[in-house]
Amino acid sequence: MRLSQLFTKTSKTIPADETARNAQLLIQAGFIHKEMAGVYSYLPLGKRVLDNIEQIVREEMNALGGIEVQLSILQPKDIWEKTDRWDDDKVDNWFKTKLKNGTELGISLTNEEPLTNALGGFINSYKDLPAYVYQIHSKFRNELRAKSGLMRGREFLMKDLYSFCRTQEEHNAFYENAALAYMKVYDRLGIGDTTYRTYASGGIFSKFSDEFQTLSDVGEDTIYVHEDKRVAVNKEVFTDEVLSDLGFKREELIEKRAVEVGNIFSLGTKYADALNVYYTDEQGERQSIIMGCYGLGISRLMGLLAEHFADDKGLVWPEAVAPAKVYLVRLGDDEATVKQADELYNRLTAAGVGVLYDDRDLRAGAKFADADLTGIPYRVVISDKTRVAGVYELKARGSEDSQQLNQAELLKTLDV
RNA sequence: CGGGGAGUGGCGCAGUCCGGUAGCGCACGCGCUUUGGGAGCGCGGGGUCGCAGGUUCAAAUCCUGUCUCCCCGACCA
């Protein structure tokens, strides 16, 4: 992408109506636009980051055996009444709307009922199970108060997967595999070493659910980390009884602040039963389906990564999610220099390397400042001077030092 | 939802207490100079002060209502 063609622009000042560092940085760098409290639009660079995170999640869900769908955002009321969840007393942060004729509708905040209902038409036999179905789509929650930028919005992008199993054993095995897949996602995003599988309240179907909590001072959750076992306990279930169940001693655990970046639940048979979705086993007997749900916040992760990897100059994206791998700075406008920069841009682009090509008519300082703020992993400078010297200047975003390389060395360093 | 703070060109702010029809920086346009860490000088365009009502000869400024944003708390299937 040529920056001369990009409509967004960076700002020298941070927005006054945000205090969350992630939102400040992402708005200042032109990645997102705030529509209203808790609602953000994704501009070109932000959209790329979001897509990159989404793709990593998609790959791991596919590897887990998941099959992707896209569910509707408008939802009918009747299926939620069957599971007794429609009432505002049951779910109080639900956006709802109405058809012109007065028919009430729900706006997607979760999808157990719609998906189970949709699957019900196809699931008859034990041969049709298990089924692991997911989507990556917007969710809406009418939070009393939005906060923390992308980390807690009213509209957000989330991956939600639902498992439909025949037996508890089958469910348990998948549930554990899902937990492993989640950790793979966090590893790929560069936060694996600070993310803990965390015991949390399980609701009515199991003693615990599992949250995935990434350590962060701006996190909303308090967890107690067991470093040796690489697990944690959420404060909400941090009781002597639970510690005893888990075989942990209180003094082994360290209190930390964390951001919930995933949560997986066992759901039992409640929803499928309520929606009259069963399967017939090998003996011809009708059996209940055991469900699980597995959430992972894509946009929240973007906020977390923005905040987690930033420094005083701006964003510092991990290469896996960066909107581009290379920020190519062209200085000087000698015809030969322009030609050389154009050629490198074309070559890298053809090789599949994402490049933000700063071909704008700006001074060096402005371009360097933008390169830093934008957080692209590698900065390459081509100037009249480097051209004459026959070198390319390469600097990693996280490093203070730059190096002078010939073209072969540069391409090798960039894995081209 | 309770408490606190704030809404003034695209962005960041001053002006509000002590009413007299709006100012600075950034950004933007033009010109000259400059050109490796957010350039300098000059000229120029752009806002009716969140919205509605009221007081007054006169309201960004005072009064009433309302909307929005931020923070703390509560809430978070």
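In this text the structure is predicted, and so the values were computed from the model without any measurement. Residue numbers start from 1 in every chain, and the chains themselves are labelled A, B, ... in the order their sequence lines are given, proteins ahead of strands.
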**Student:** Distance between the P atoms of U68(B) and U16(B), in whole angstroms?
**Tutor:** 29 Å
**Student:** Tell me what Val381(A) touches on the nucleic acid: a base, only sugar-phosphate, or nothing, going by heavy atoms under 4.0 Å.
**Tutor:** base
**Student:** My understanding is that a pair needs two contacts under 3.5 Å, Watson-Crick or G-U wobble. By that rule, which nucleotide pairs with C51(B)?
**Tutor:** G65(B)
**Student:** How is Leu362(A) classified with respect to the nucleic acid when contacts are heavy atoms under 4.0 Å: base, sugar-phosphate, or nothing?
**Tutor:** nothing
**Student:** Taking only N and O in the side chain of Arg154(A), is any of them less than 4.0 Å away from OP1 or OP2 of C76(B)?
**Tutor:** no
**Student:** Quickly work out the Lys367(A) NZ to A39(B) C1' distance and round it to whole Å.
**Tutor:** 15 Å
**Student:** Set out, line by line, the N/O atom pairs under 3.5 Å between protein and nucleotides 30-34 of chain B.
**Tutor:**
| from | atom 1 | to | atom 2 | distance (Å) |
| --- | --- | --- | --- | --- |
| U34(B) | O2 | Arg363(A) | NH1 | 2.7 |

**Student:** Determine whether any donor atom in the side chain of Arg141(A) lies under 3.5 Å from an acceptor atom in the base of A77(B), or the reverse, and answer yes or no.
**Tutor:** yes
**Student:** Work out how far the P atom of G53(B) is from that of A60(B), and round it to whole angstrom.
**Tutor:** 14 Å
**Student:** I'd like the P distance from G12(B) over to C41(B), given in whole Å.
**Tutor:** 24 Å
**Student:** According to a strict under-4.0 Å criterion, is Lys12(A) in side-chain N/O contact with OP1 or OP2 of A27(B)?
**Tutor:** yes
**Student:** Is U56(B) paired to anything, Watson-Crick or G-U wobble with both distances less than 3.5 Å, and if yes, which nucleotide?
**Tutor:** none
**Student:** If we take the C1' atom in both G10(B) and G47(B), what is their distance in whole Å?
**Tutor:** 11 Å
**Student:** Is the number of heavy atoms from other residues, nucleotides or ligands under 6.0 Å of Phe7(A) CZ greater than 12?
**Tutor:** yes
**Student:** When you compare A22(B) with G29(B), how far apart are their C1' atoms, in angstrom units rounded to a whole number?
**Tutor:** 23 Å
**Student:** Can Thr103(A) and Asn101(A) be counted as having a side-chain donor-acceptor contact under 3.5 angstrom?
**Tutor:** yes
**Student:** Between G36(B), C76(B), G37(B), which nucleotide has the shortest distance from any of its atoms to the side chain of Asn93(A)?
**Tutor:** C76(B)
**Student:** What about Arg152(A), does its side chain sit under 3.5 Å from the base of C76(B) through a donor-acceptor pair?
**Tutor:** yes
**Student:** Mapping Asp17(A) and Lys385(A) onto RNA chain B by nearest heavy atom, which one lands closer to the 5' end?
**Tutor:** Lys385(A)
**Student:** C1' atom, G50(B) versus G9(B): distance in rounded Å?
**Tutor:** 14 Å
**Student:** Need one value for Thr19(A): base, sugar-phosphate or nothing, where a base atom within 4.0 Å counts as base even if backbone is also close, heavy atoms only.
**Tutor:** sugar-phosphate
**Student:** Which part of the nucleic acid, if any, lies within contact of Thr83(A), taking any heavy atom under 4.0 Å across all strands shown: a base, the sugar-phosphate backbone alone, or nothing?
**Tutor:** nothing
**Student:** Which word best sums up how the rings of Phe140(A) and Phe95(A) line up, parallel for under 30°, tilted for 30 to 60°, or perpendicular for over 60°?
**Tutor:** perpendicular
**Student:** With no angle test and no hydrogens, is the base of G12(B) tied to the side chain of Ser11(A) by a donor-acceptor pair under 3.5 Å?
**Tutor:** no
**Student:** From C-beta outward on Arg145(A), which listed nucleotide comes closest to its side chain: A77(B), C72(B), C28(B)?
**Tutor:** C72(B)
**Student:** Around Lys229(A), counting heavy atoms of other residues, nucleotides and ligands shown, do more than 12 lie under 6.0 Å from its NZ?
**Tutor:** yes
**Student:** Under a 3.5 Å cut-off for both distances, is C1(B) Watson-Crick or wobble paired, and to whom?
**Tutor:** G73(B)
**Student:** Taking the nucleotide of RNA chain B with the nearest heavy atom to each, does Pro15(A) or Gly38(A) sit closer to the 5' end?
**Tutor:** Pro15(A)
**Student:** Report the base-pairing partner of G36(B) (Watson-Crick or G-U wobble, both distances below 3.5 angstrom), or none.
**Tutor:** none
**Student:** Return the pairing partner of G42(B) with a 3.5 Å limit on both distances, Watson-Crick or G-U wobble; otherwise return none.
**Tutor:** C30(B)
**Student:** Does Arg379(A) get its side chain close enough to the base of G37(B), under 3.5 Å, for a donor-acceptor pair?
**Tutor:** yes
**Student:** So, is Lys34(A) near the phosphate of C70(B), with a side-chain N or O under 4.0 Å from OP1 or OP2?
**Tutor:** yes
**Student:** Taking the basic N atoms (NZ, or NE/NH1/NH2) and the acidic carboxylate oxygens, is any pair closer than 4.0 Å for Glu393(A) and Arg379(A)?
**Tutor:** yes
**Student:** Give a yes or no answer on whether the side chain of Thr116(A) reaches the backbone of Glu113(A) with a donor-acceptor pair at less than 3.5 Å.
**Tutor:** no
**Student:** Given that both distances must come in under 3.5 Å, which nucleotide forms a Watson-Crick or G-U wobble pair with C17(B)?
**Tutor:** none
**Student:** So among Leu115(A), Ile123(A), Val277(A), which one has a side chain to side chain contact (heavy atoms under 4.5 Å, CB included) with Phe164(A)?
**Tutor:** Leu115(A)
**Student:** Out of G36(B), C76(B), C11(B), which has the shortest distance to the side chain of Glu220(A)?
**Tutor:** C76(B)
**Student:** Does the plane of the ring in Phe212(A) sit parallel, tilted or perpendicular to the ring in Tyr182(A)? Use 30° and 60° as the thresholds.
**Tutor:** tilted
**Student:** Provide the distance between the two C1' atoms, one in A58(B) and one in G42(B), to the nearest whole Å.
**Tutor:** 37 Å
**Student:** Write down the distance between CG (Asp334(A)) and P (G36(B)), rounded to a whole number of angstrom.
**Tutor:** 13 Å
**Student:** Touch check for Glu393(A), heavy atoms < 4.0 angstrom, all strands: base, sugar-phosphate only, or nothing?
**Tutor:** base
**Student:** Using whole Å, report how far CZ of Phe368(A) lies from C1' of U35(B).
**Tutor:** 12 Å
**Student:** Apply side-chain hydrogen bond (donor to acceptor under 3.5 Å, both in side chains) to Arg141(A) and list each qualifying residue two or more places apart in sequence or on a separate chain.
**Tutor:** none
**Student:** Taking the P atom of each, how far is G73(B) from G19(B), in whole Å?
**Tutor:** 40 Å
**Student:** Of the nucleotides A77(B), G37(B), C71(B), which one has an atom closest to the side chain of Lys147(A)?
**Tutor:** C71(B)
**Student:** By side-chain contact (heavy atoms from CB on, under 4.5 Å), which residues pair with Asn276(A), not counting sequence neighbours?
**Tutor:** Tyr278(A), Arg286(A)
